[in-house]
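Heads up: the structure comes next, in structure tokens.
Read the numbers this way: they start at 1 and go in the same order the structure lists the ligands and their atoms.
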Amino acid sequence: MNLLQRKTAIITGTARGIGKAIAAEFALNGANVIITDLNIDDTVLEFVNELKKNGIKAKAYASNAASNEESEKLIEEILIDFDRIDILVNNAGITRDNLLMRMTEADWDAVITVNLKSVFNMTKAVQRTMLKQREGSIINMSSVVGIEGNAGQSNYAASKAGMIGFTKSIAQELGSRSIRCNAVAPGFIETEMTAKLPEDIRNAWINDIPLKRPGSPKDVADVCIFLASDLSQYVTGQVISVCGGMQL
Ligand code: NAI
């Protein structure tokens with residue numbers, strides 16, 4: 001399918017996991033793909049070359065989404081290489097799980113800065129371009145934990161709930177210019193982030209999922225294609241869970 005033909009997409013945290021799957025699926029749908037992550041290593045460059053071989057315009061940029069200055073600079077650089085920015089996926093994220101009793105201020109600050117402030121940084125940086133185009137789709141990678149909360153993840157849950165408030169506000173601010181902003185709330189998706197979970201916790205999670213399996217990065221990417229494409233032209237300010245029916 002070519003649902004994203006002639007669209008240019010920036011995805012943060014694209015070196016692996018869900019971000020990489022989104023880039024791959026967007027490319028399969030004809031989008032130009034801008035890959036950004038903290039470090040651009042050989043594996044990422046190989047991935048970019050694969051996309052290019054398939055006729056996709058793709059480029060990787062090293063940038064820390066948690067830094068306002070780097071985010072502004074990144075968009076300036078991108079606009080030299082690409083004419084437009086149609087889609088922004090704020091995907092970069094980290095966990096520093098602990099019970100509140102043991103959570104340090106550094107754990108709190110790191111998660112809020114990387115997960116939530118990055119969304120402000122990148123959205124603000126692309127805003128002017130999307131306003132000029134009078135078109136755009138912003139997708140924020142939240143989590144079911146941001147909706148339901150989770151013991152041992154108060155910093156992560158707060159950052160992901162904050163993203164939902166931001167999403168709904170930006171949808172209201174920018175809707176009159178046809179710029180849409182939605183959030184995706186994945187459940188338990190198999191990536192390096194969740195590979196850190198102990199086996200018993202992993203099995204308990206799977207057992208509680210009505211579809212009886214963890215999600216794949218592609219499951220999340222497929223919903224992002226819908227939100228990025230013109231199929232969702234009348235959808236904004238929404239949170240779509242991709243969680244196999246899981247309730248925490
Ligand atoms: P991952 O840990 O496999 O990949 C995250 C990527 O973000 C890495 O490539 C990392 O280098 C990059 N990153 C981290 N800090 C960054 C920064 N400051 N600037 C730029 N890039 C940065 O994680 P995964 O599982 O692919 O998760 C992607 C997103 O989906 C995250 O926001 C995560 O919170 C969210 N999510 C994941 C779930 C899961 O089960 N895996 C469930 C719900 C939400």
Side-chain angles (χ1 to χ4, degrees), residues 10-25 34-41 43-45 47-48 60-75 78 88-97 107 109-123 125 139-150 153 155-164 166-167 183-197 201-202 205-206 208-209 211 213-221 223-224 227 239-244 246 248:
I10 305 177
I11 303 130
T12 66
T14 335
R16 62 180 198 218
I18 293 173
K20 188 173 181 181
I22 294 170
E25 294 299 317
I34 296 157
I35 284 155
T36 74
D37 209 296
L38 287 173
N39 300 304
I40 300 302
D41 60 15
T43 319
V44 179
L45 291 176
F47 175 57
V48 171
Y61 302 79
S63 182
N64 178 2
S67 156
N68 188 268
E69 201 185 327
E70 284 190 36
S71 300
E72 292 285 344
K73 207 170 130 246
L74 170 72
I75 299 303
I78 287 171
L88 166 66
V89 185
N90 286 309
N91 168 76
I94 57 167
T95 51
R96 295 279 184 280
D97 297 350
D107 290 336
D109 287 346
V111 168
I112 298 294
T113 310
V114 174
N115 295 6
L116 183 56
K117 191 179 171 211
S118 64
V119 178
F120 161 78
N121 292 339
M122 290 295 295
T123 307
I139 302 169
N140 295 324
M141 201 55 68
S142 181
S143 166
V144 288
V145 167
I147 301 170
E148 308 271 348
N150 196 25
Q153 289 197 303
N155 52 357
Y156 185 77
S159 72
K160 295 297 182 182
M163 285 170 81
I164 293 174
F166 183 85
T167 300
V184 175
F188 177 30
I189 310 298
E190 276 198 309
T191 66
E192 284 185 41
M193 185 179 268
T194 45
K196 293 183 229 159
L197 286 173
I201 295 189
R202 183 192 138 82
W205 278 48
I206 292 172
D208 284 345
I209 297 171
L211 289 180
R213 67 166 177 90
S216 68
K218 184 178 179 300
D219 290 324
V220 181
V223 173
C224 292
L227 289 175
V239 185
I240 303 189
S241 293
V242 187
C243 61
M246 178 172 82
L248 287 174

Checklist line | atom 5 (C) of ligand 1 - nearest protein heavy atom and its distance | finding: G93 O, 3.9 Å
Margin query: Yes or no: does E190 have any heavy atom under 4.0 Å from an atom of ligand 1?
Written below: no
Checklist line | Contacting atoms of ligand 1, where contact means under 4.0 angstrom from a heavy atom of T194 | finding: 39 (C), 40 (O), 41 (N)
Check: Could you state the interatomic distance from OG1 (T14) to NZ (K20), rounded to the nearest 0.5 Å?
Finding: 10.5 Å
Check: Got the closest protein heavy atom to atom 15 (N) of ligand 1, with its distance?
Finding: V114 CG1, 3.6 Å
Notebook entry, point to check: Taking only heavy atoms of G17, which atoms of ligand 1 are found under 4.0 Å from at least one of them?
Noted result: 26 (O)
Notebook entry, point to check: Got a donor-acceptor contact below 3.5 angstrom from the N90 side chain to the M141 backbone?
Noted result: no
Item checked: Side-chain (N140) to main-chain (V119) donor-acceptor, under 3.5 angstrom -> no
Item checked: Where K160 and G146 come nearest, the two heavy atoms and their spacing -> CB-CA, 3.7 Å
Notebook entry, point to check: Got a second to check how far Y156's OH is from M193's CE, nearest 0.5 Å?
Noted result: 5.0 Å
Checklist line | T191, portion touching ligand 1 at heavy-atom distance under 4.0 Å | finding: side chain
Check: Looking only at N/O atoms, are N64 and ligand 1 under 3.5 Å apart anywhere?
Finding: yes
Check: With a cut-off of 4.0 Å, which atoms of ligand 1 are near a heavy atom of I189?
Finding: 39 (C), 40 (O), 41 (N)
Next item on the list: Find all atoms of ligand 1 within a distance of less than 4.0 Å from any non-hydrogen atom belonging to A65, and give their numbers and elements.
Entry: 17 (C), 18 (N), 19 (N), 20 (C)
Notebook entry, point to check: Which residue from P217, A110, G187 reaches closest to atom 38 (C) of ligand 1 through any of its heavy atoms?
Noted result: G187
Checklist line | Exercise: identify the closest heavy-atom pair between S71 and N64 | finding: OG-O, 4.0 Å
Margin query: Taking only non-hydrogen atoms of S63, do any sit less than 4.0 angstrom from ligand 1?
Written below: yes
Checklist line | Nearest-neighbour protein heavy atom for atom 30 (O) of ligand 1, which is reported as residue plus atom name and distance | finding: M141 CG, 3.3 Å
Notebook entry, point to check: With only distance considered, is D37 within less than 3.5 Å of ligand 1 through an N or O on each side?
Noted result: yes
Note to self: I'd like to check which ligand 1 atoms, numbered from 1 as shown, lie under 4.0 Å from a non-hydrogen atom of S143.
What the structure shows: 43 (C), 44 (C)
Next item on the list: For S142 and ligand 1, answer yes if some heavy atom of the residue is under 4.0 Å from a ligand atom, otherwise no.
Entry: yes
Notebook entry, point to check: Can you tell me the protein heavy atom closest to atom 7 (O) of ligand 1 and the distance?
Noted result: G13 CA, 3.4 Å
Next item on the list: Supply the atom-to-atom distance L116 CG to N155 CG, rounded to the nearest 0.5 angstrom.
Entry: 12.0 Å
Next item on the list: Quick one: pull up CG in L211 and CD1 in I206 and give me the separation to the nearest 0.5 Å.
Entry: 12.0 Å
Notebook entry, point to check: Do I18 and ligand 1 have an N or O pair less than 3.5 Å apart?
Noted result: yes
Item checked: Any N or O of N91 closer than 3.5 Å to N or O of ligand 1 -> yes
Next item on the list: For E148, check side chain to side chain contact (heavy atoms under 4.5 Å, CB included) against everything at least two apart and list the hits.
Entry: L248
Notebook entry, point to check: Are R213 and D219 close enough for a salt bridge, meaning some N to O gap below 4.0 Å?
Noted result: yes
Notebook entry, point to check: If you measure from the Lys or Arg side-chain nitrogens to the Asp or Glu carboxylate oxygens, is any gap between E190 and R202 under 4.0 Å?
Noted result: yes
Notebook entry, point to check: Numbering the atoms of ligand 1 from 1, which are under 4.0 Å from a heavy atom of Y156?
Noted result: 33 (C), 34 (O), 35 (C), 36 (N), 43 (C), 44 (C)
Check: Rounded to the nearest 0.5 Å, what separation is found between the CG atom of N150 and the OG atom of S143?
Finding: 8.0 Å
Check: Among protein heavy atoms, which lies nearest atom 22 (C) of ligand 1, and at what distance?
Finding: A92 CB, 3.6 Å
Notebook entry, point to check: Roughly how far apart are N68 CG and S118 OG, rounded to 0.5 Å?
Noted result: 11.0 Å
Notebook entry, point to check: So, is R16 polar-close to ligand 1, with some N/O to N/O distance under 3.5 Å?
Noted result: yes
Check: Any heavy atom of T12 sitting closer than 4.0 Å to ligand 1?
Finding: no
Item checked: Protein contact to atom 43 (C) of ligand 1 [nearest heavy atom, distance to 0.1 Å] -> P186 O, 3.4 Å
Notebook entry, point to check: Which residues pass the salt bridge (charged side-chain N to carboxylate O under 4.0 Å, His left out) test with D97, sequence neighbours left out?
Noted result: none
